[in-house]
2 protein chains.
Amino acid sequence: MTKERITVVEIAHAAGVSKSTVSLVLQGSSLVNEVTRAKVSAVIRELGYVYNRGAANLRQSNSKSKIIGIVVNDLTNSFFAELAVGVDDVVQSAGYVQFLSNTGESVDRQREVIASMREHGISGLIVSPARGTEPADLKPLVASGIPVVVVVRNIQGAKVSSLMSDNHAGASAAVEHLVALGHRRIAFLGGFPDTAVFAERLVGYQTALKSADIAFDASLVISSAPSRAGGVDAIDRAVRLGDRPTAALCFNDAVAFGVCDGLRANRLEPGADFGVIGFDDVIEAKTAVPALTTVSVDPQGMGRRAAQLLLKQINSGNADPEALVGSVRLVVRESSGPARRDVEKRTA
Amino acid sequence: MTKERITVVEIAHAAGVSKSTVSLVLQGSSLVNEVTRAKVSAVIRELGYVYNRGAANLRQSNSKSKIIGIVVNDLTNSFFAELAVGVDDVVQSAGYVQFLSNTGESVDRQREVIASMREHGISGLIVSPARGTEPADLKPLVASGIPVVVVVRNIQGAKVSSLMSDNHAGASAAVEHLVALGHRRIAFLGGFPDTAVFAERLVGYQTALKSADIAFDASLVISSAPSRAGGVDAIDRAVRLGDRPTAALCFNDAVAFGVCDGLRANRLEPGADFGVIGFDDVIEAKTAVPALTTVSVDPQGMGRRAAQLLLKQINSGNADPEALVGSVRLVVRESSGPARRDVEKRTA
DNA sequence: CTGTTAGCGCTTTCAC
DNA sequence: GTGAAAGCGCTAACAG
């Protein structure tokens, strides 16, 4: 069964030309006669020849492997699956193929997969780093001149390109919306405080409060796991507060769902009795929960953008770090139907 | 910036040995002296050498590329994202790295990515084929002796291994459950009838009806897009039936959600007024919708199983087709809390 | 325009 | 145990 791989010399022989001619045909060079090209192409097809990129790649001193790597911290999260789809989209169109690995938030696993990808000669890497990733983890890659684009989560001090969503603007817009609705005691619920994303969103929240002349109250910042269960937990603690909040900005949509669950358990109707806004829109987009206002980012779009940036750097040979910010939208859903107010804040 | 890739000869030189010795060290051969090995390892580390799998792979006549490909029809669907995670899990542990591509149900795109993967020398492929995939699309791969495992959706007539969930048993179990609840008019809602999965589930449905001495009524089989919107559509048509059903088995969970939506729009409470069971459990598992009974399959588990099968075939060099069936569980959720009844049907 | 000739970085007999 | 030499499939100068 294991058929021998057929090579250029065989097709050269069969076509009655030399292997370099075949090689030229393969690369679509214009240096080859039309009739020769046709003949060679025919033989290639009829013999079922498959190009060996490994060999080609080996010969071309510079590693033009046509492989890009993408590693995400949690592919189980639809957000990252969508991101990967976006990346795959542009990567495929550019004739590349992607290594995709999931780290599950393990920096060890991340180190391994990156090392492995490096051995395979990826020409670029897109990474949503596992929590706790250090600049050193990416150091060897950048040192060898391989472009790296960090997405979603920044790595402080790493000299690589990045693409983050506009957490600050999104959080501000959400809080402004709640303020416009008449809320004054607005909580910030969920998320792990030791992450850059959390910090950015929190600052956006604080900025908006200040603009509205509302004093920041640290007791209204209640962190928890960024999950549905975490949301339940956070809102439970929030409603037990002496001066309880009347609305909340949630770290992400999972938390927002949990907050809704918890509100209902407390006989409060989300939206009507208590304002709720969640970040991210993946789960929301999938399950179309009505009447929940969200700060939404387009993960596929982010993926495409990241891939474009990476390809640009690969092709230009210029891997100077570039920091991009992805726009976010505040999507307000009234019970009467989806109304959208767009908040675009873009850098780049 | 683009640092020159350092090679075995350089580390051989630096360590004062020959390159073959270095090669042996790299492969952990026992033919090399302990002290030599240590010295070489040290040099390798200190010079930041990275192994070039492309070159190694080129030399070893048989393509042991340590790359497996996985192509799915819709990574946007959590089911397949989970599947990919399962695959990645075992693939990573085995020291492989995976090419992941999304076809978005396009057979053309699928053909392209498979061709591309082949050029890169994958040593095996796991594929959840796009709708309309023909055996011929996989032919060249199998002809060259590359093991292929088809998952989720079978390809009639393709001589490749497969891993499908037990659609027949799952559908039967669901119907039996509804019958036990006293239902006699049970609909089969959603899904495209031109797929093998649909056919298998329908047969399971029919089998269970027959066992319960219920006559099959073709008007109760209402197909639609396998989406939430499709579910709304299907249930709308179902309730307009003269002799309307009192329960339904839904093609998948998305349809089930839509059916729930549609029921509520018709002032019917799912579960209480109308029995609903959906296939698959991905969305359900994520959003924990209460009181919806599901026929659940474990996508990560399927991914792991598929990867194990593939690796087995790669390592044994024996790619004889093998057909595996993945077990499914009927998960009954009472409003009082999650109660589980397991339906295990396994082949292998 | 096409053929010849060297390698890319690695593994692998086969001598030493 | 370790080194020398050949060659995997391909591309890149050069000649012709």
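Sequence lines set the chain letters: A, B, ... in the order given, protein chains first and strands last, and positions in each chain run from 1. Quantities reported herein were computed from a predicted structural model and do not represent experimental measurements.
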For the side chain of B:R59 and the base of C:dG9, is some donor closer than 3.5 Å to an acceptor across the two?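 Donor-acceptor pair under 3.5 Å: no.
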Does [X] make a side-chain N or O approach to OP1 or OP2 of [N] shorter than 4.0 Å?
{"X": "A:Q27", "N": "D:dC10", "value": "no"}
{"X": "B:T36", "N": "D:dT2", "value": "yes"}
{"X": "A:S18", "N": "C:dT4", "value": "no"}
{"X": "B:T21", "N": "D:dG3", "value": "yes"}
{"X": "B:S23", "N": "C:dT12", "value": "no"}

What integer distance in Å separates B:L58:CG from C:dC8:P?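 Checked: the CG to P distance equals 13 Å.
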Just to be sure I understand the rule, does B:V17 reach a base, reach only the sugar-phosphate, or reach nothing, if contact means heavy atoms closer than 4.0 Å?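 Touches sugar-phosphate only.
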So what does B:S20 hit on the nucleic acid, given a heavy-atom distance under 4.0 Å: a base, only sugar-phosphate, or nothing?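 Base contact.
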Nearest to side-chain heavy atoms of A:Y49, which nucleotide of C:dC10, D:dC10, D:dA12: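 Of C:dC10, D:dC10, D:dA12, D:dC10 is nearest to the side chain of A:Y49.
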Nearest to the side chain of B:T7 - C:dT12, C:dA6, C:dG9?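 So the nucleotide nearest the side chain must be C:dG9.
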Hey, are A:N73 and A:S128 close enough side-chain-wise for a donor-acceptor pair under 3.5 Å?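 Result is yes, a qualifying pair exists.
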